[in-house]
Amino acid sequence: MNNSPLLEILYREPEGFSIWNGPPFSDGEPNVKLARVPCTAAKYSENGSRLMVIKNSSTVSIYDCHSLTETKSFEFPSLLVATISPLGTYLQTFQKFSSPQEKNVVLWDIQTGSPVYQLSQKNMSKTTWPSLQFNSDESVVCRMATNEIQFFDATDFLKGVVYRLRIPGVFAIELSRAPGSHIAAFVPESKGIPASVQIFSCNKDSQSSPVARRSFFRCSTVQLHWNYGSNGLLIVAQSDVDKTNKSYYGESKLNYLTTDGSYEGLVDLRKEGPVHDVQWSSSGLEFAVVYGFMPAKATIYDRRCKPILELGTGPYNTIRWNPKGKFLCLAGFGNLPGDMAFWDYSEKKLLGTTKAEWSVTSEWSPDGRFFMTATTAPRLQIDNGIKIFHHNGSLYFKKMFDKLYQVDWKPEAPEKFGDITDLAKSVSSLKIDEGKKQGQDPKPSRPTNNNSTPPTQKPAAYRPPHAKSAAAVQEQAQPS
């Protein structure tokens, strides 16, 4: 592990963002690597090489993450939202639309500061931003337009659109990330024709027909989840209305498509109710699902949709698989009481249970050793703070803030870190009931309308996944 990168944590308060060194901390406290920089938003590139900082409604700065210095600054009047490409090569900006003649979406080469592509786009939503989608290594670039998907030459944007894939009524697309070999397209229900998701090859010569297709009735929105390897796609098909009147969530179903045609259909979930969360492992060979009316059930499936491990039931709606694929955290956040269960997937055993009440965000560290939760505004206006746990659920670090808007690990490729073979075994701060058997409830099931909520802060009402996504876009468009 000596040659492994050091972990870093970015946190943003009302006055701006700062960067800490990550755990393990000397003397139990982090050191500040970059003192507070005024801003309204900050976003790392996917590979952690650059940091995009929106300083105000007209200024975007780029920081080099190695030296933690500002390397480029851009000025944009009427900036609404911006994002950075996976390798930190490009900055994409969306400015207030004034007329079709004005190109208000611009892709900038960060190194040169020059625009490489421009277009006019009237509105921005979850399904249309970013306008240009990149895969992880930026070798494939595409854009959803009216009734078609447009592909570009990633080495020369001056060529403009190099080929078009016509899909009448296309409403949302998801490009596979690693590799960028396929693209999924969602077409909503129209005039009695069911909604559908189709998968196409990104190779122009192989696009005459979809390699896989799935149709849905009573489907208003979808979530599309590609695996690593780009050969499997999980589809959460969501309806705003549950016609059985069993849930005000609406109705959701989990579907699975493979690019080789080996599987096409529903995932056999073993409890009735909504799909709360789904996540692929880092290998792309298995996925975990949290589903069903409370207490929810959690199951791990292989890529042939065969259940391989039951994680029990409880007040859960969140699953987080660590970057090494060895550990999982099963949790109940949002309007649930914050129960967490930590599992060793390779050993198929429960490591420990604990709580992180009022958590808004949660993620494993890039090395897979630590799990961080955060309570942030504007979702919650009190009890803002950060908690960091060991892989077994024991609390490692806690810090409270008057107001906290954002917390992120600096991205690093998991393969840069050694195998997790000698993690701390101490669980002194955690009581684990050794008598619990694998697959049984780590905690007693609790109803979602629990009475442990403090009177000063009511949890937000449940919103289905697609509504959360739309809200997230609006937050990005109007940073705190």
Side-chain angles (χ1 to χ4, degrees), residues 9 22-25 28 276-277 279 288 290 294-298 300 309-324 326-365 367-376 380 383-401 404 407 409 420 423-448 450-454 457 459:
I9 296 172
F25 302 135
H276 301 288
D277 198 12
Q279 189 179 32
V290 189
M294 293 295 163
K297 190 175 180 66
I300 296 177
L309 180 63
E310 295 291 349
L311 302 180
T313 60
Y316 301 125
N317 60 4
T318 302
I319 192 86
R320 294 286 183 267
W321 213 312
N322 92 330
K324 294 288 189 179
K326 181 173 172 62
F327 302 123
L328 294 118
C329 179
L330 180 62
F333 296 145
N335 60 340
L336 294 178
D339 294 73
M340 298 194 298
F342 289 82
W343 285 79
D344 185 323
Y345 173 64
S346 59
E347 298 292 331
K348 307 293 189 288
K349 68 179 182 181
L350 176 68
L351 297 174
T353 61
T354 185
K355 269 195 172 188
E357 295 92 343
W358 325 128
S359 297
V360 175
T361 63
S362 60
E363 196 52 75
W364 287 94
S365 59
D367 66 353
R369 297 175 60 193
F370 299 94
F371 188 74
M372 180 168 63
T373 67
T375 302
T376 57
L380 291 174
D383 294 329
N384 284 193
I386 297 170
K387 292 180 181 179
I388 299 177
F389 299 85
H390 288 290
H391 72 287
N392 57 17
S394 61
L395 182 65
Y396 176 74
F397 173 79
K398 176 181 177 180
K399 183 173 178 62
M400 304 304 290
F401 292 80
L404 181 66
V407 182
W409 296 102
I420 305 174
L423 290 168
K425 298 183 183 301
S426 171
V427 288
S428 57
S429 63
L430 186 68
K431 293 181 180 179
I432 302 175
D433 184 355
E434 297 292 347
K436 287 178 180 157
K437 297 179 181 178
Q438 174 190 326
Q440 289 187 336
D441 298 2
K443 286 273 188 179
S445 300
R446 303 184 185 185
T448 55
N450 68 88
N451 295 319
S452 60
T453 308
Q457 180 67 54

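Because the structure is a prediction, the values reported are computed rather than measured.
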Q: Not counting sequence neighbours, which residues clear side chain to side chain contact (heavy atoms under 4.5 Å, CB included) with Ala331? List them please.
A: Thr318, Cys329, Phe333, Met340
Q. What distance do Leu350 atom CG and Leu330 atom CG have between them, rounded to the nearest 0.5 Å?
A. 9.5 Å
Q.
Let me confirm one number: the CH2-CG distance from Trp358 to Leu336, rounded to the nearest 0.5 Å.
A. 10.5 Å
Q. Looking only at heavy atoms, what is the nearest atom pair of Thr373 and Ser359, with distance?
A. CB-OG, 3.5 Å
Q: Enter the distance from Phe25:CZ to Ile9:CD1 here, rounded to the nearest 0.5 Å.
A: 4.5 Å
Q. Rounded to the nearest 0.5 Å, how far does NE2 of His390 lie from CG of Leu351?
A. 13.0 Å
Q. Which heavy atom in Met372 sits nearest to a heavy atom in Ile388, and how many Å separate them?
A. CG-CG1, 4.0 Å
**Q.** Taking every non-hydrogen atom, the tightest pair across Lys324 and Asp367
**A.** CG-O, 4.0 Å
Q.
In the structure I gave you, are the side-chain heavy atoms of Leu404 and Thr375 within less than 4.5 Å of one another anywhere?
A. no
Q.
Does any part of the side chain of Arg320, heavy atoms only, come nearer than 4.5 Å to the side chain of Trp364, both counted from C-beta?
A. yes
Q. Just wondering, do Tyr396 and Pro23 contact through their side chains at under 4.5 Å, heavy atoms?
A. yes
Q) What salt bridge (charged side-chain N to carboxylate O under 4.0 Å, His left out) pairs are there with at least one residue in residues 386-398, not counting sequence neighbours? A) Glu357-Lys387
Q) Where do Gly393 and Thr354 come nearest, in terms of heavy atoms and distance? A) O-CG2, 3.4 Å
Q | Under 3.5 Å donor-acceptor, Asn322 side chain and Phe327 backbone | A | yes
Q. For the atom pair CZ (Phe342) and CZ (Phe371), what is the distance rounded to the nearest 0.5 Å?
A. 5.5 Å
Q: Report the distance from atom CH2 of Trp343 to atom CG of Leu328, rounding to the nearest 0.5 Å.
A: 9.5 Å
Q | Closest non-hydrogen atom pair, His276 against Ala296 | A | CD2-CB, 3.8 Å
Q | Centroid-centroid under 6.0 Å between Tyr345 and Trp321 rings | A | yes
Q: Using side chain to side chain contact (heavy atoms under 4.5 Å, CB included) as the criterion, list what pairs up with Ser346, not counting sequence neighbours.
A: Lys326, Asp344
Q) Under 3.5 Å, side chain of Asp339 to main-chain N/O of Pro315, donor-acceptor pair present? A) no
